[in-house]
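Here's the structure, in structure tokens; my notes come after.
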Amino acid sequence: MKNDKSGAKGDIIEITIPKNYYTYIGTSAEDAVETYNKMGDKFCKSAKAINGNVVIKVTETQQKNLIKQNDDKIKTILAEYQRANKKYVFEEKDGVLIYRYDEKLNAMIEQKAIVAVVSLYGLNYILENNKTDWKVNVEVYNCHNDKLIQKATAPNDVVMVKYDQWLESYKKEAE
């Protein structure tokens with residue numbers, strides 16, 4: 001067994017990614033462990049599943065590499081989302097992920113832009129802070145009239161806008 005003090009930059013950091021994260025993204029801790037262990041030494045020393053949680057051992061450099069990899073994925077996903085329509089906007093403001101789009105957004109792009117990005121923000125929070133009490137606040141607005149359609153907090157809420165919510169967002173306020 002390797003000496004755990006052989007980190008590229010100092011000591012090994014042990015980070016627990018909680019079971020509720022894997023429940024939220026729809027995968028298992030075992031699958032995550034397999035993925036982390038296959039990522040190689042650039043990203044992770046080791047990973048193991050304990051009671052549905054995933055415990056990874058990383059150096060500070062590996063921790064930064066994981067976060068950067070997630071940031072790069074977020075940028076790629078959001079670029080596709082924003083290419084779909086110039087009115088589609090994403091911003092992070094005061095710790096809230098804000099999406100402005102409409103019912104015409106392709107369902108696959110919508111799922112990636114919301115579920116994947118929210119998941120990656122959550123994972124980065126866990127990796128950066130080494131805390132298991134992660135949450136991501138999300139707001140969805142109609143890009144044509146700026147009406148708030150949905151507020152949600154992952155992992156407790158599923159962020160999914162239904163067609164009738166879009167229709168309701170176009171109705172004029174009663175005078």
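Heavy-atom basis, side chains included; hydrogens, waters and symmetry copies ignored. Note that this is a predicted model, so its numbers are computed, not measured.
- Comment: D71 does not engage K75 in a salt bridge, judged by the lack of any side-chain N to carboxylate O separation of less than 4.0 angstrom.
- Under 4.0 Å is where a charged nitrogen must lie from a carboxylate oxygen, and between R83 and E80 no such pair does.
- Linking Ile, Leu, Val, Met, Phe, Trp and Tyr whenever their side-chain heavy atoms come within less than 4.5 Å puts V96 and L148 in one cluster.
- You'll find the side chain of N53 stays beyond 4.5 Å of the side chain of T132, heavy atoms only.
- In this structure, K45 and T59 have side chains that are in contact, with non-hydrogen atoms separated by less than 4.5 Å.
- Follow the hydrophobic side-chain contacts under 4.5 Å out from I17 and you never reach I12; the two are in separate clusters.
- Under the side-chain hydrogen bond (donor to acceptor under 3.5 Å, both in side chains) rule, Y101 has a single partner from K87, Q82, E110, H144, which is E110.
- N130 contributes a side-chain N or O that, together with a main-chain N or O of E14, makes up a donor-acceptor pair within less than 3.5 Å.
- In this structure, the side chains of D157 and Q150 stay at 4.5 Å or more apart for every pair of heavy atoms.
- Within a 6.0 Å radius of CG in D133, more than 12 heavy atoms belonging to other residues, nucleotides or ligands are found.
- Tracing side-chain contacts under 4.5 Å through hydrophobic residues (I, L, V, M, F, W, Y), one reaches Y36 starting from I67; they form part of the same cluster.
- Linking Ile, Leu, Val, Met, Phe, Trp and Tyr whenever their side-chain heavy atoms come within less than 4.5 Å leaves I109 and V115 in two separate clusters.
- Under the 4.5 Å side-chain contact rule for hydrophobic residues, V159 and F90 share a cluster.
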